[in-house]
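Atoms considered below: every heavy atom in the structure, side chains included; atoms not considered: hydrogens, waters and symmetry mates.
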Number of protein chains: 2
Amino acid sequence: MNLPPLVQTFVLHFGEMGSRWGINRTVGQIYALLFISKEPLNAEDIVERLGVSRSNVSMGLKELQAWNLVRLQHKPGDRRDYFSTPDDIWQIVRTLVEERKKREIDPTMTLLREVLMQEPASAEERHAQERMREMHDLFELLTGWYADVQRLDTERLVQLLTLGSKVQKILEMKDRLFVVPGSKKSRRDDPKDK
Amino acid sequence: MNLPPLVQTFVLHFGEMGSRWGINRTVGQIYALLFISKEPLNAEDIVERLGVSRSNVSMGLKELQAWNLVRLQHKPGDRRDYFSTPDDIWQIVRTLVEERKKREIDPTMTLLREVLMQEPASAEERHAQERMREMHDLFELLTGWYADVQRLDTERLVQLLTLGSKVQKILEMKDRLFVVPGSKKSRRDDPKDK
DNA sequence: CTGAAATTTCAGAATATTCTGAAATATCGG
DNA sequence: CCGATATTTCAGAATATTCTGAAATTTCAG
């Protein structure tokens with residue numbers, strides 16, 4: 001591995017972290033390297049810096065492209081493919097969340113919906129379905145929130161995150177100011193309330 | 001594997017999903033099984049239902065305990081250990097997020113802080129540090145939001161998630177009502193603003 | 001077209017992880 | 001304390017993943 005020490009620490013760390021995230025070490029390292037590079041890199045650059053085989057880099061880049069995590073671009077008069085990550089780190093977060101949702105949440109929701117359609121054949125199955133219903137509703141709430149928040153532009157998203165639970169205070173204030181007392185509790189208690 | 005078909009589908013799915021989440025198939029299956037079971041199960045129950053070895057179950061349960069994802073309890077007059085998941089699914093979410101933060105975010109933050117202390121020895125290193133700073137600040141914002149939101153009781157958390165970006169509308173309303181016009185922009189634009 | 005450069009594919013080697021059975025250890029009622 | 005029951009440990013087998021080098025394919029300038 002042929003990298004400045006400071007960069008190497010970072011790259012090695014993301015290589016190790018990769019395995020916790022369902023991507024392999026090399027893919028993690030390639031991504032980390034592209035992330036901290038000022039200029040886009042071609043495959044041969046990556047081979048030299050990480051000290052892995054050309055074919056390994058090729059497969060790693062293919063996987064990163066499947067995740068939409070890298071951009072492919074070209075330099076004038078140079079046939080090689082150059083890769084980079086978006087400059088905007090929030091764009092990276094959005095892509096990551098979107099792709100993980102697509103791979104993990106969506107198939108799980110499909111399965112849950114299928115299983116919940118079936119008729120339970122025993123008390124055991126009935127209870128199992130109840131639990132799956134809870135999980136289904138939870139995922140629905142979370143993905144609904146995500147779909148909503150994802151549409152915000154970054155400035156507003158940051159504003160929202162910075163506030164954190166202080167939003168709560170504002171909600172309480174809103175309630176005190178605007179909600180008709182009698183209707184307040186029932187509206188708030190139903191998670192499906194839009 | 002000795003399970004009602006409906007339950008088996010669910011258990012197999014979580015076995016496969018496990019690998020995307022840094023846990024192995026058996027651990028995923030054990031967790032899924034405990035999640036949909038009405039009654040706590042002992043190790044031998046799990047062996048029978050999943051058709052894996054006793055030692056594999058033992059190791060799987062140990063890992064789930066390390067993740068704080070299962071509860072160990074006893075029945076009167078029975079020496080065996082019985083395991084279950086919390087009834088409250090929100091408690092499960094909180095634990096999962098907490099543990100993943102502990103294992104993935106916290107070590108990364110430690111590393112970023114260390115590397116950011118060092119003196120860059122080249123333009124390349126300087127740029128790398130800038131990117132790491134961006135990542136550090138992003139993680140800090142996200143974990144700050146998380147720490148804040150985590151303290152909410154479940155009812156309020158659900159309320160917040162249900163609102164989604166509608167919170168935005170309320171914020172705008174608040175601004176219009178309460179903020180002194182001149183100070184508005186500068187306050188809103190600084191992400192570090194508490 | 002041609003052929004040099006770039007990239008991809010893929011079989012098998014290298015490595016890492018998971019799983020098992022046997023043995024060791026721990027627990028607890030009597 | 002004994003011994004029956006429960007649980008854990010761990011070496012090695014089974015399996016799965018990752019990585020490489022060689023060959024195949026693609027791309028494009030001339």
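- Without hydrogens or angle criteria, A/E125 side chain to B/V7 main chain gives no donor-acceptor distance under 3.5 Å.
- With contacts defined as side-chain heavy-atom distances shorter than 4.5 Å, the pair B/M1/B/L12 qualifies.
- The backbone N or O of B/V47 sits nowhere less than 3.5 Å from a side-chain atom of B/R54 that would complete a donor-acceptor pair.
- A/R54 comes within 4.0 angstrom of a base, heavy atoms only.
- Counting to the nearest Å, the P atom of D/dT7 and the CZ atom of B/F83 are 7 Å from each other.
- Here B/N42 lies out of heavy-atom contact (under 4.0 Å) with every strand.
- Remark: A/R131 qualifies as a cation-pi partner of B/F35 under the 6.0 Å distance and 45° angle criteria applied to the six-membered ring.
- With rounding to whole Å, B/E44 atom CD is found 9 Å from D/dT7 atom P.
- The interatomic distance linking B/E16 (CD) with D/dA16 (P) rounds to 10 Å, in whole Å.
- In this structure, B/D78 and A/R25 both approach DNA chain D, and ranking their closest nucleotides by distance from the 5' end singles out B/D78.
- Atom-to-atom, CE of A/M59 to P of C/dA11 comes out at 12 Å; the value is rounded to the nearest Å.
- Where A/L61 and B/I23 meet DNA chain C, the nucleotide closest to each residue was compared, and A/L61 sits on the side nearer the 5' end.
- Listed candidates were C/dA6, D/dT7, D/dT20. Nearest to the side chain of A/R80 is C/dA6.
- When the nucleotides D/dG21, D/dC19, D/dT5 are ranked by their closest atom to the side chain of B/R79, D/dT5 comes out on top.
- Between B/L64 atom CG and D/dT8 atom P there is a gap of 13 Å when expressed in whole angstrom units.
- With axes fitted over five pairs at each extremity, the angle between the ends of the helix from C/dC1-D/dG30 to C/dG30-D/dC1 is 30° (10° resolution).
- Out of C/dT20, D/dT9, D/dT20, the shortest distance to the side chain of B/K62 is found at D/dT9.
- One interatomic measurement links the two molecules: CG of B/N56 to P of D/dT15, which rounds to 14 Å at whole-angstrom precision.
- Between the P atom of D/dA6 and the CD atom of B/E48 lies a distance of 12 Å, rounded to the nearest Å.
- Remark: B/R100 is positioned above the aromatic ring of B/W21, its terminal NZ or CZ atom under 6.0 angstrom from the ring centre and at most 45 degrees off the axis.
- Relative to the ring axis of A/Y82, A/K75 places its NZ or CZ within 45° and under 6.0 Å from the centre.
- As rounded to whole Å, 14 Å separates atom P of D/dC19 from atom CD1 of A/I46.
- Nucleic acid contact class of B/N24 (heavy atoms, under 4.0 Å, all strands): sugar-phosphate only.
- Side-chain nitrogen and oxygen atoms of A/S55 include none within less than 4.0 Å of the OP1 or OP2 phosphate oxygen of D/dT20.
- Using a cutoff of 4.0 Å between basic side-chain nitrogens and carboxylate oxygens, A/E16 and B/R103 are not scored as salt-bridged.
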